[in-house]
> 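Here you go, one structure.
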Amino acid sequence: MMTERIEIKPGVLGGKPCVRGTRIPVTMVLELVAHGIPFPQIIQDYYPQLTVEDIQACVEYARMVVDNEEIAFATEAAD
């Protein structure tokens, strides 16, 4: 599973999800992806210790979080 590359440790970056074995937060990788930066360029210019599979795992992790998110709608008060 791709998300085996993502870990959450309470003592590392306040428990934010990071790429396993690094202090690189998933959010930082996703920000670069959101700006349209190709995976090879992310590795070359920003995080040479990552692999394409690590970046794919960040995207998959985000998808899983959103997919499993529970949404509660507030009801509008009747006038």
Side-chain angles (χ1 to χ4, degrees):
M1 176 188 290
M2 291 271 188
T3 55
E4 291 174 358
R5 294 176 177 269
I6 307 301
E7 65 184 1
I8 299 171
K9 291 184 176 181
V12 177
L13 294 176
K16 299 281 186 186
C18 296
V19 177
R20 183 171 300 283
T22 75
R23 296 179 64 83
I24 301 171
V26 169
T27 56
M28 296 300 290
V29 176
L30 293 174
E31 185 175 330
L32 296 171
V33 171
H35 281 92
I37 300 172
F39 292 5
Q41 186 179 352
I42 292 172
I43 295 165
Q44 178 180 326
D45 296 347
Y46 297 91
Y47 299 115
Q49 63 272 50
L50 296 184
T51 65
V52 168
E53 291 81 9
D54 292 330
I55 298 169
Q56 290 171 331
C58 291
V59 173
E60 176 65 11
Y61 178 82
R63 187 203 60 79
M64 289 176 56
V65 168
V66 171
D67 192 42
N68 290 312
E69 181 179 42
E70 291 188 29
I71 301 172
F73 294 97
T75 57
E76 292 184 31
D79 290 325

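Computation of the quantities below employed the complete heavy-atom set of this structure, encompassing side-chain atoms and omitting hydrogens, waters and symmetry-equivalent molecules.
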> Check the pair V12, C18 against side-chain contact (heavy atoms from CB on, under 4.5 Å), reporting the backbone distance first and the verdict last.
CA-CA 8 Å; V12 177; C18 296; 4.3 Å; yes
> Applying the 4.5 Å side-chain criterion to the ILVMFWY set and letting contacts propagate, would Y46 and L30 be lumped into a single cluster?
yes
> Without swapping roles, check the side chain of D67 against the backbone of M64 for a donor-acceptor pair under 3.5 Å.
no
> Could you tell me which non-hydrogen atom of I6 sits nearest to which non-hydrogen atom of V19, and how far apart they are?
CD1-CA, 4.4 Å
> Does any part of the side chain of R23, heavy atoms only, come nearer than 4.5 Å to the side chain of L13, both counted from C-beta?
yes
> Out of curiosity, N68 CG to R63 CZ, how far, rounded to the nearest 0.5 Å?
8.0 Å
> Within the 4.5 Å heavy-atom criterion, are I24 and Q49 side-chain neighbours or not?
yes
> Does any non-hydrogen side-chain atom of Y61 lie less than 4.5 Å from one of R5?
no
> Drop me the distance from T27's OG1 to L32's CG, to the nearest 0.5 angstrom.
10.0 Å
> Mind checking whether I43 and D54 have side chains closer than 4.5 Å, heavy atoms only?
no
> What's the shortest heavy-atom distance between E31 and H35, and which atoms?
O-ND1, 2.7 Å
> Are M28 and I8 connected in a single hydrophobic cluster, I mean Ile/Leu/Val/Met/Phe/Trp/Tyr linked by side-chain heavy atoms less than 4.5 Å apart?
yes
